[in-house]
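First the structure, in the form of structure tokens, and then the observations on it.
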Amino acid sequence: LAMAKAKTAGVIISVKETSAPVEDQLEELKNNILGALTKKSIKMKDLIAAIRQLAVMTNAGISIHDSIKEVKDATVDKTLKEIFEQIDDDLNSGLSLTEAMMSFRYELGDVTIAMVELGESTGNMAESLEKLSEILEEIEENRQKFKSAMRYPLITLTAMAGAFTVLILYVVPKFANIFSQSTIKGYIYNKETKQAIAFANIYIPELNTGAISNENGYYEIKNVSNGK
């Protein structure tokens, strides 16, 4: 916190919040990166079911500790079961539910931590958990809608990419080969008599190809690569 003294009668203290030290910011960044890399995947439907079950049990007057145990035994998600097992141990050691869940912030999400903390501070955990389950359901529904909305464009883009690949790899080279070839046309005749020489063999050694003139002395050599 930075403090400043005003230049008026009396002493007025102005308190302004400053940013955290660079070391703390770097430490938080490192923790965020490590948390993202080591994050274990939890199926959203299993998390929602667990939160809703906690809400029902706490609303029925069952302690949060016993509710955590029941949810741990009931959940089928292996990762979620391990998380609730650790939370149960942390509760036994004297931590609050918020403190216990903070170790799994990246798996459970900031929204879950915030709503649990709200429930503990207001003393109405059941209502907070019920609201949390509704929020998570809405998030999951929107995520599924987004995936459905993106499915058709992705399929279209994939098909276009496939067609473009085929075009580049197979079609274009064939057309390029066609356009890169030409036809040599000529007329062969006797220099002295100026008469056309019919059915003469014309051979070009450099191209290793040739042709036979027609009855009028004309010939064509096709499929000659340009530049030769």
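Exactly one residue among Arg151, Met150, Lys145 makes a side chain to side chain contact (heavy atoms under 4.5 Å, CB included) with Ser148. That residue is Arg151.
Distance alone, capped at 3.5 Å, is enough to place a donor-acceptor pair between the Asn142 side chain and the Glu138 backbone. Remark: side-chain polar atoms of Ser93 are paired, donor with acceptor, to backbone N or O of Asp90 under 3.5 angstrom. A donor-acceptor pair under 3.5 Å is absent between the side-chain atoms of Thr75 and the main chain of Val71, judged by distance alone. The backbone N or O of Asp88 lies less than 3.5 Å from a partner atom in the side chain of Asn92, making a donor-acceptor pair. Between the side chain of Glu120 and the main chain of Leu97, a donor-acceptor pair closer than 3.5 Å is present. The main-chain N or O of Tyr218 is found under 3.5 Å from a side-chain atom of Asn214 such that the two form a donor-acceptor pair.
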* Can you list the steps and then say if Val116 with Leu129 is a side chain to side chain contact (heavy atoms under 4.5 Å, CB included)? -> CA-CA 7 Å; Val116 169; Leu129 291 175; 4.2 Å; yes
* Check against side chain to side chain contact (heavy atoms under 4.5 Å, CB included), Phe164 and Leu169 -> CA-CA 9 Å; Phe164 182 75; Leu169 294 179; over 6 Å; no
* For the pair Glu107 and Ile83, evaluate side chain to side chain contact (heavy atoms under 4.5 Å, CB included) and give the outcome as yes or no after the intermediate values. => CA-CA 9 Å; Glu107 289 82 2; Ile83 290 175; 3.7 Å; yes
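Of all non-hydrogen atoms in Ser67 and Met57, the two that sit nearest each other are OG-CB, 3.5 Å. The nearest pair of heavy atoms linking Ile51 to Leu136 is CG1-CD1, 4.2 Å. Heavy-atom minimum distance, Met101 versus Ile87: CG-CD1, 3.7 Å. For Tyr219 against Ser213, the heavy-atom pair with the smallest separation is CB-CA, 3.9 Å. The two residues Asp77 and Lys43 have their closest heavy-atom pair at OD2-N, 3.5 Å. Between Leu80 and Ala50 the shortest heavy-atom distance is CD2-CB, 4.0 Å.
By the 4.0 Å N-to-carboxylate-O rule, Lys45 lies too far from Glu140 to be salt-bridged with it. Using a 4.0 Å cut-off between charged side-chain N and carboxylate O, Glu82 and Lys72 make no salt bridge.
If you take CG on Asn124 and OG1 on Thr58, they are separated by 8.5 Å, rounding to the nearest 0.5 Å. Rounded to the nearest 0.5 Å, atoms CD1 (Ile48) and CG (Leu132) are 9.0 Å apart. The structure places CE of Met115 at 10.0 Å from CD of Glu130, a figure rounded to the nearest 0.5 Å. Remark: Arg105 CZ to Ile113 CD1 distance equals 8.5 Å, nearest 0.5 Å. Here CG of Asp73 is found 11.5 Å from CD1 of Ile68. Values are rounded to the nearest 0.5 Å. The CE atom of Met125 sits 9.0 Å away from atom CG of Leu118, with the distance rounded to the nearest 0.5 Å.
Under the 4.5 Å side-chain criterion, counting only non-hydrogen atoms from C-beta, Tyr189 is not in contact with Gln195. Within the 4.5 Å cutoff, the side chain of Arg52 has heavy atoms near those of the Glu137 side chain. Using a 4.5 Å cut-off on side-chain heavy atoms (C-beta onward), Phe84 and Leu54 make contact.
With a 6.0 Å radius and a threshold of 12 heavy atoms from other residues, nucleotides or ligands, Glu127 has its CD atom at or below the threshold.
One hydrophobic cluster, built from ILVMFWY side chains closer than 4.5 Å, holds both Val111 and Leu47. Each of Val56 and Ile62 belongs to its own hydrophobic cluster when Ile, Leu, Val, Met, Phe, Trp and Tyr are linked at side-chain heavy-atom distances under 4.5 angstrom.
Side-chain contact, Ser63 with Asp66: a donor N or O sits under 3.5 Å from an acceptor N or O.
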